[in-house]
Amino acid sequence: MGKQPNLFAFPAIDALASTLRTYIIQCQNAGINRHDAFKVAVSGGSLPKTLAQALLAPPTSPEDTIKFDKWEIFFADERAVPLDHEDSNYALLKSELLDKIPAEMGKPAVHPIDTTHLDDVQELADQYEQLLVRSFASRDSVKLPIFDLLLLGCGPDGHTCSLFPGHALLRETDAWVAPIEDSPKPPPKRITLSLPVVTHGVKVAFVATGGGKKEIMKKIFEEGAGLPCALVNEGAGERCSWFVDNAAVEGVSFPRKGSL
Ligand SMILES: O=C1O[C@H](COP(=O)(O)O)[C@@H](O)[C@H](O)[C@H]1O
């Protein structure tokens, strides 16, 4: 049972956000100790709001410090739209979190997509992969980029990043970043980190909240059924943690409860 993901369940978002903060600070400090930076990939959807609640809370002790000036923020997936478009994951993170960071907390380095390639999603993905190559050293010396942390969402169909159930992209083994032109959830054109990159992270955390996630959580944890979130669980094992509210996991059986 040592390979199972961890589960942290809370009655309400406030408590979830507070434990998520502690977990992220542990990942941040480990990244800074390793390479003087915290390299984190972030999803869109419902995650940025909860993330803001976790990260913008006032510190409770000197150890409880977010060091944004050491953060390098990448996107776990992005939609092929301008950066100020309502569907943009960057725009969402900016309005929910980045614009609200007080100057004294430091300024993260943020790596959005290069929007000059919006008409060509293969090129958009290739350019984002090149950005990762530059940030994580060359592809020749690094087989896969190793994020200190990937912060992921879980869609009601079990998708994560822009990796959708049953899609051929789940079998991608070469690209670090892949294009998708037929996303079942709009908008159809997107780019996404590939599954090997996601499962290679030092730590991988999912945040899933609300009763709307209950059915899919049951499928992911009790059946697996090749769902993208279940594949991340299998690939990352105990390096993977789920932060959920009770509503999202009512009646779901879990092999392992987490502790920080
Ligand atoms: O389309 C997307 O959806 C997922 C899940 O979103 P949620 O609103 O159900 O949390 C998100 O993680 C991903 O980044 C986004 O592009």
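Indexing begins at 1, ligand by ligand and atom by atom, following the structure's order. Atoms considered below: every heavy atom in the structure, side chains included; atoms not considered: hydrogens, waters and symmetry mates.
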- Task: Quick one: do Asp182 and Lys189 satisfy salt bridge (Lys or Arg N to Asp or Glu O under 4.0 Å)? Show the steps, please.
- Result: CA-CA 6 Å; Asp182 57 354; Lys189 293 188 179 187; over 6 Å; no
- What ring-ring contact (aromatic ring centres under 6.0 Å, His included) pairs are there with at least one residue in residues 36-63, not counting sequence neighbours? Phe38-Trp71
- Query: Quick one: does Gly44 get an N or O within less than 3.5 Å of an N or O on ligand 1?
  - Reply: yes
Please determine whether any non-hydrogen atom of [X] lies less than 4.0 Å from an atom of ligand 1.
X      : answer
Ala208 : no
Thr160 : no
His159 : yes

- So, are Lys219 and Glu223 salt-bridged, with charged N and O less than 4.0 Å apart? no
Could you find the nearest protein heavy atom to [atom] and give me its residue, atom name and distance?
atom                    : value
atom 8 (O) of ligand 1  : Ser46 N, 3.1 Å
atom 9 (O) of ligand 1  : Lys213 NZ, 3.0 Å
atom 2 (C) of ligand 1  : Lys185 NZ, 3.3 Å
atom 16 (O) of ligand 1 : Asp77 OD2, 2.5 Å

- Query: In Å, rounded to the nearest 0.5 Å, how long is the span from CD of Glu78 to CG of Leu93?
  - Reply: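 Going from CD on Glu78 over to CG on Leu93, the span is 9.5 Å.
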- Side chain, backbone, both or neither: Leu152 near ligand 1, heavy atoms under 4.0 Å: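 Leu152 to ligand 1: no contact under 4.0 Å from either part.
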- Message: Checking contacts here: is it the side chain or the backbone of Arg79 that comes within 4.0 Å of ligand 1, counting heavy atoms only? Could be both or neither.
- Response: side chain
Less than 3.5 Å apart, which donor and acceptor atoms pair up between the side chains of residues 97-109 and the rest of the protein, not counting sequence neighbours?
unit_1	atom_1	unit_2	atom_2	d
Asp99	OD1	Lys94	NZ	3.3
Asp99	OD2	Lys94	NZ	3.2
Lys100	NZ	Glu96	O	3.3

- Message: Between Arg134 (side chain only) and Glu129 (backbone N and O only), is there a donor and an acceptor less than 3.5 Å apart?
- Response: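 Absent.
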- Item | Cys154: numbered ligand 1 atoms lying under 4.0 Å from its heavy atoms |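 Answer, ordered by atom number: 9 (O).
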- Item | Element-labelled atoms of ligand 1 that are located less than 4.0 Å from some non-hydrogen atom of Arg190 |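 Per the distance check, 1 (O), 2 (C), 16 (O).
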- Message: Assess the residue pair Arg34 and Asp148 against the criterion (salt bridge (Lys or Arg N to Asp or Glu O under 4.0 Å)); give the C-alpha distance rounded to whole Å, side-chain angles, the decisive distance to 0.1 Å, and a yes or no.
- Response: CA-CA 9 Å; Arg34 259 193 309 273; Asp148 296 311; 2.9 Å; yes
- Task: Tell me, with the steps shown, if Phe147 and Phe74 meet ring pair (Phe, Tyr, Trp, His ring centres under 6.0 Å).
- Result: CA-CA 9 Å; Phe147 286 97; Phe74 300 85; 5.6 Å; yes
